[in-house]
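Right, one structure below, let's go through it.
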Amino acid sequence: MLKRTHMCGELRSDQSGQTATLAGWVNTYRDQGKGLIFIDLRDRDGMTQIVFDLEDVDEQVVTQARALRREDVIAVKGLVRKREGKANQRLATGEIEIMGTALEVLNKTETPPILPDEHDAEKIAEEKRLQYRYIDLRRPRMQGILRTRYNVTRIARDYFDDNGFLEIETPCLIKTTPEGARDFIVPSRSYPGQWYALPQSPQIFKQILMAAGCDRYLQIVRCFRDEDPRADRQAEFTQIDLEMSFVERDDVISVMAGFAQTLFKQVLNIEIGDIPIMPYKEAMDRFGIDRPDTRFGLELQDISDLAAKTDFRVFSDALAKENGVVKAIRVPGGAEKMSRKVTDGYSEFVKTFGAGGVPTVKYTENGYETGIAKFVGPIADKLKERLALEVGDLVFFSADTNVVATRALGELRNKLARDLELIDKDAWNFLWVVDFPMFEFDPARDRWIALHHPFTGPMPGEEDKLESDPGSCISAAYDLVCNGSEIAGGSIRIHQPQMQQKVFNLLGIDDEEAEQKFGFLLRALRYGAPPMGGIAFGLDRLVMLLVGTNNIRDVIAFPKTQTGQDLMSEAPGPVDPQQLEELNISVNPPEEPV
């Protein structure tokens, strides 16, 4: 076999006169009919033009060259020369070409079901591309994404190694524990009727590593949650997972901010600077969401005091509710851009978040018009002042409980920014969100649930609220947000067994259940665990941001579909009945439809 000497994107004009051997896939084939055959040869590194002068090569090469077609795998040896004619500016190798003298066909392809062409990728159904993923991954963009993903993990390992972290693996077969989503469970052959679970995260194990004296832990780890996939979530995903001993919240934030700065500098050559910190309450009040996108305005304004002075029943009914509010968003220039049909569509949109709709009003040269204009008379001047209205503006209102009104308007804010193209696509806005509530009340279960997870500790000075007022207790949790996407989340953990048990009890987990499900963690805490805190970066979401895609399947080599299938390997699939028998499992056949 011809032995490769260079990659297909490597050669440059200063290497003219050298002999090189390349190997890869035929990307294009052109027979000029003048005794010349041109091919573009592609590998993961790039593309090089190969020229066969049929008068200067032996008959076997002529025969093989004329039979080449797209995606054949070949090796070519020849002389590097400056390209005759105009250079191809689209290629890094566009100033040179190789005059092929030897050709070896390593594998003839059948007619490919798809081709790895960038301009055709969007025309091919995603299911087809996933079915033939090994062809789809040949596309230069996909190769670039895989390279970026590798660079992110390489940079992470280097940075955290420089900061004293040890990379330590944790088990993939663990005991099932409640962490908010369904576990994937695995039957045990050795212990009939007993089950392992795949980890939703290494949370408990990394805490135990701190109790074991490891001090600083790192792992690039696969995590599993049996929940429906979506555009930015897969049931099987990857985290850059970290934990530190003898730290407070600011220590963790400082080290992790340094990682974010290093990562974006090395991958995109972007200086993100110091990352501002925003309390959760401010994020919700101003942006209606705990991962705010600060690249645009459209901030929420609480106008409950003004709304109370109107006769608009939607406002008065909302304000009569416990924690009822009226909030508003000013859309500059929206009066001219949005018709009644468009604003009605936004009303339907917010209904998916529990709101009844979004009343509107336009501010024009003649004052307030359309929508609820007739109701705002008593507050006309105050509303203009509060919202800094200018002629041509449109106002959206949301009236309900604080939770519903804020969430609905926050989601509408993001949609408006996308629809009106208000987002600066070149901006990179980072933000730490801190001071989250530790709990939220679940009326359906009539108990408190952890806003993050059961191992998150309270902020210093908040401990007494665990008994007196859990709803107002502030946790030591923190999220890193970039352009409206949460890319990392963590907290200072509970390291004292008495406080952990108190939180378990508050969450409806009694002593017996806690010992059954978390006994090994509680025992580790009883035998001397240090103060600790950590964080997990979502690797998939990080790479999505860095390469500019909103589809998580683009950044995973072999992803699942929206319904959880692997179309290439045809998983999930049936297993041999003997395997089930060895595992003492019987399967009930699905019921026939009536």
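Quantities reported herein were computed from a predicted structural model and do not represent experimental measurements. Positions are given from 1, in the same order as the sequence printed here.
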Assess the side chains of [X] and [Y]: does a donor N or O sit below 3.5 Å from an acceptor N or O?
X	Y	answer
Thr21	Arg4	no
Thr170	Gln219	yes
Tyr346	Asp419	yes

Heavy atoms only: give me the nearest [X]-[Y] pair and the separation to one decimal.
X	Y	result
Leu545	Trp428	O-CH2, 3.2 Å
Pro202	Cys223	CD-SG, 4.3 Å
Pro112	Arg70	CG-O, 4.3 Å
Ile174	Phe205	CG2-CE1, 3.5 Å
Cys172	Pro199	O-CD, 3.1 Å
Asp479	Gly490	OD1-N, 4.2 Å

Exam field: side chain [X] to backbone [Y], donor-acceptor pair closer than 3.5 Å:
X	Y	value
Gln49	Ile96	no
Tyr29	Arg66	yes
Thr19	Leu79	no
Thr93	Met47	yes
Glu118	Arg141	yes
Tyr478	Ser491	yes
Glu71	Thr109	no
Lys77	Thr101	no
Arg44	Gln143	no
Arg83	Gly94	yes

Side-chain contact, heavy-atom cut-off 4.5 Å: [X] with [Y]?
X	Y	result
Gln239	Ser201	yes
Ile220	Asp241	no
Phe160	Val255	yes
Val358	Phe349	no
Leu103	Leu68	yes
Phe38	Thr28	no
Phe396	Arg413	no
Ile135	Pro113	yes

Query - Verdict with supporting geometry, Val51 and Ile98, side chain to side chain contact (heavy atoms under 4.5 Å, CB included) - result: CA-CA 6 Å; Val51 183; Ile98 290 182; over 6 Å; no

Checking side chain to side chain contact (heavy atoms under 4.5 Å, CB included) for the pair Val350/Glu411: CA distance, chi angles, key distance, verdict? CA-CA 8 Å; Val350 299; Glu411 295 290 348; over 6 Å; no

If you measure from the Lys or Arg side-chain nitrogens to the Asp or Glu carboxylate oxygens, is any gap between [X] and [Y] under 4.0 Å?
X	Y	answer
Arg295	Asp293	yes
Asp40	Arg30	yes
Lys265	Glu271	yes
Arg147	Asp45	yes
Arg222	Glu236	yes
Arg69	Glu110	no
Glu95	Lys82	no
Asp344	Lys341	no

In Å, rounded to the nearest 0.5 Å, how long is the span from [atom1] of [X] to [atom2] of [Y]?
X	Y	atom1	atom2	result
Glu97	Leu91	CD	CG	12.0 Å
Tyr217	Met244	OH	CE	14.0 Å
Asp136	Gln131	CG	CD	12.0 Å
Ile240	Leu263	CD1	CG	7.0 Å
Leu106	Glu104	CG	CD	5.0 Å
Glu486	Asp290	CD	CG	7.0 Å

For atom [atom1] of [X], is the number of surrounding heavy atoms from other residues, nucleotides or ligands below 6.0 Å larger than 12?
X	atom1	answer
Glu336	CD	no
Gln32	CD	yes
Asn550	CG	no
Lys560	NZ	yes
Tyr134	OH	yes
Asp162	CG	yes
Arg12	CZ	yes

*asked:* For a side chain to side chain contact (heavy atoms under 4.5 Å, CB included) check, start with the C-alpha distance between Phe537 and Ile535, then their side-chain angles and the critical distance, and finish with the verdict.
replied: CA-CA 7 Å; Phe537 287 82; Ile535 199 167; 3.9 Å; yes

* To do: For side chain to side chain contact (heavy atoms under 4.5 Å, CB included), just list the numbers for Asn429 and Leu431, CA-CA rounded to whole Å, side-chain angles, deciding distance to a tenth of an Å, and then say yes or no.
  => CA-CA 7 Å; Asn429 285 21; Leu431 188 69; over 6 Å; no

- Please work out which of the three classes, parallel, tilted or perpendicular, describes the rings of Phe259 and Tyr159, given edges at 30° and 60°. tilted

Given the options Arg149, Gln234, Arg553, Asp540 meets side-chain hydrogen bond (donor to acceptor under 3.5 Å, both in side chains) only with Arg149

Which of Leu2, Leu41, Asp43 passes side chain to side chain contact (heavy atoms under 4.5 Å, CB included) with Leu22? Answer is Leu41

